[in-house]
Amino acid sequence: MSYFPDVPKIAYEGPKSKNPLAFKHYNPDEVIEGQTMKDLFRFGVAYWHTFRGTGSDPFGAATLTRSWETGSSEKEIALKRVDVAFEFIEKLGAPFYCFHDRDVSPEGATLVETNKIFDEVAKKLKEAQARTGVKLLWGTANLFSHPRYLNGAATSPNADVFAFAAAQVKKAMEVTHELGGENYVFWGGREGYMNLYNTDMKREVDHLARFMHMAVDHAKKIGFKGQFLFEPKPKEPTKHQYDFDAAACLNFCRAYGLEKHVKLNIETNHATLAGHSMMHELAYSSMQGALGSIDANTGDLLLGWDTDQFPTDIYLTTQCMLVILEQKGLAPGGVNFDAKVRRESIDPVDLFYAHIGGMDAFARGAKIAAAIRKDGALSDFVKKRYSTYDEGMGKAIDDGKTSFAELESYVLKKGELTPNISGRQELLENIINEYL
Ligand code: XLS
Ligand code: NI
Ligand code: NI
């Protein structure tokens with residue numbers, strides 16, 4: 001039984017190909033800066049958007065009716081969906097997938113029943129992984145859709161909801177471990193507030209940290225060695241999320257002693273919602289050794305919410321790859337397409353076009369970034385721009401070997417300062433265009 005009978009295995013055909021169901025730039029075996037593209041990107045398909053996306057939005061109902069979404073029970077459909085998903089992922093040639101517990105497996109009447117169904121689905125996922133070689137990049141728990149989480153999960157004012165969330169994450173971690181998941185993600189969902197009049201912010205943030213520490217402890221207990229990832233997002237669904245941006249997440253981790261256990265999963269559309277560029281968020285995390293993985297997508301600057309579109313902008317992917325190549329890749333993280341087709345793109349084949357476009361955009365971005373790096377087109381300039389710190393008093397500043405008093409006598413003696421040099425922004429922007 002095939003769910004995408006008209007779609008062949010997607011092959012690399014090179015930049016001249018006009019075949020819409022072929023890669024023009026993503027060539028898994030091609031080497032960039034010493035790594036194959038397959039290992040450099042570690043592309044992942046997001047189970048929630050690609051296999052559970054319905055096209056509904058706040059103004060309208062589902063538009064994406066899929067032939068396979070039928071069956072006598074939710075469980076039966078969930079099991080069938082595993083076949084759909086793995087046929088898709090295998091044909092696309094993505095090495096990884098990612099899920100929330102509730103994407104792959106429905107909630108039953110009780111937690112006991114829920115976990116029983118989850119085990120059955122996990123068994124089928126494990127078989128499908130073994131059959132296809134597709135691996136689990138990360139798992140996570142959906143702690144935001146069910147009405148019990150209306151006030152959040154780990155930051156809920158209701159301790160029983162905290163406990164339920166803990167039980168859910170415990171199970172999601174165990175299944176992730178069982179499936180060989182290489183990372184485990186925390187995205188707050190509703191870990192934030194709508195109004196400070198009814199909120200004890202300190203208590204909520206303390207609880208979030210307590211929750212994450214318990215997850216770290218549980219990982220040790222079950223022998224899960226995967227990387228924990230914290231995913232920043234500034235708003236939506238709550239007005240103010242505690243995991244606002246990379247800086248806020250890293251500050252939170254350090255304040256609560258989680259920094260050794262947790263890196264970040266940076267998402268493009270979340271960066272822009274926070275008023276940053278993706279490159280900023282990546283560079284900020286990377287410079288602190290905390291860039292673990294990325295959720296590749298893009299927003300629409302004219303709409304202003306988390307539209308989760310597939311990334312096709314080559315400036316964007318080039319900027320991402322400049323940072324990712326600098327830190328030699330993302331492993332054990334990867335590039336997960338946390339992106340969905342538009343509600344007007346109603347055919348299953350649109351899912352293929354979307355992923356092919358995203359993978360090709362990243363491949364092109366990587367080739368362009370590698371060429372820029374090879375020529376030192378930016379790095380030589382940046383190095384020169386800071387060269388006053390390479391010797392003399394500048395070096396003493398960098399080495400922490402001077403003081404205000406010494407610097408004062410230095411400038412008093414020197415009189416005339418070394419002149420500033422041009423930042424050359426326009427020239428550098430022109431140079432980037434020469435590589436595109
Ligand atoms: C939502 C988030 C979510 C996380 C996983 O905006 O991006 O999809 O990646 O919970
Ligand atoms: Ni995400
Ligand atoms: Ni998102």
Side-chain angles (χ1 to χ4, degrees), residues 43-54 56-58 96-105 136-146 149 152-155 165 168-169 172-173 175-176 181-192 208 211-212 215 226-246 249 262-276 278 281-282 285 291-301 303-311 316 320 330 333-342 354 358:
F43 284 124
V45 173
Y47 214 97
W48 55 104
H49 286 310
T50 300
F51 310 114
R52 305 305 311 272
T54 65
S56 67
D57 73 6
F96 291 98
Y97 73 111
C98 303
F99 64 68
H100 300 82
D101 49 2
R102 294 296 81 87
D103 310 327
V104 289
S105 180
L136 179 61
L137 185 63
W138 50 262
T140 188
N142 179 327
L143 304 178
F144 44 90
S145 294
H146 193 281
Y149 295 126
T155 65
Q168 203 183 318
V169 168
M173 283 174 61
V175 171
T176 299
E182 298 189 25
N183 305 267
Y184 185 89
V185 164
F186 288 105
W187 172 60
R190 296 181 190 275
E191 312 296 30
L208 182 59
F211 193 91
M212 286 170 69
Q227 175 66 51
F228 280 108
L229 298 167
F230 195 19
E231 182 175 327
K233 183 173 182 180
K235 54 195 164 197
E236 209 191 69
T238 73
K239 172 167 135 167
H240 189 113
Q241 305 255 138
Y242 297 132
D243 46 6
F244 193 95
D245 62 0
C249 286
V262 181
K263 289 189 175 183
L264 302 182
N265 181 38
I266 301 292
E267 176 167 326
T268 321
N269 207 163
H270 299 180
T272 47
L273 287 176
H276 301 304
M278 179 63 164
E281 288 289 85
L282 294 176
S285 321
L291 173 57
S293 203
I294 73 168
D295 269 3
N297 63 17
T298 191
D300 186 319
L301 295 177
L303 290 176
W305 70 85
D306 199 12
T307 58
D308 288 341
Q309 285 159 242
F310 277 84
L316 169 66
C320 291
L330 293 163
V335 176
N336 166 52
F337 287 110
D338 193 351
K340 58 189 175 200
V341 293
R342 299 304 86 195

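Read the numbers this way: they start at 1 and go in the same order the structure lists the ligands and their atoms.
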Passing option when W187 is tested against F228, F230, F144 for ring pair (Phe, Tyr, Trp, His ring centres under 6.0 Å):
F144
Kindly assign one of parallel, tilted or perpendicular to the pair Y97 and F99, based on the angle between their ring planes and the thresholds 30° and 60°.
tilted
Measure the acute angle between the ring planes of H240 and Y242, then classify it against the limits of 30° and 60° as parallel, tilted or perpendicular.
tilted
Quick check for you: to the nearest 0.5 Å, what is the distance between Q168 atom CD and T140 atom OG1?
9.5 Å
Closest non-hydrogen atom pair between L137 and S293, with its separation:
CD2-OG, 4.4 Å
Any chance you could measure N336, atom CG, to W138, atom CH2, to the nearest 0.5 Å?
5.0 Å
Strictly under 4.0 angstrom, heavy-atom based: which residues surround ligand 1?
W48, H100, W138, W187, E231, K233, E267, H270, D295, D306, D338
Which atoms form the tightest heavy-atom contact between K235 and K233, and what is the distance?
O-CE, 3.3 Å
What number of protein N, O or S atoms occur at distances under 2.8 Å from the Ni ion (ligand 3)?
3
So among E267, Q309, K340, which one has a side-chain hydrogen bond (donor to acceptor under 3.5 Å, both in side chains) with N297?
E267
Taking side-chain hydrogen bond (donor to acceptor under 3.5 Å, both in side chains) as the criterion, tell me which of N142, D103, D338 meets it with W48.
D338
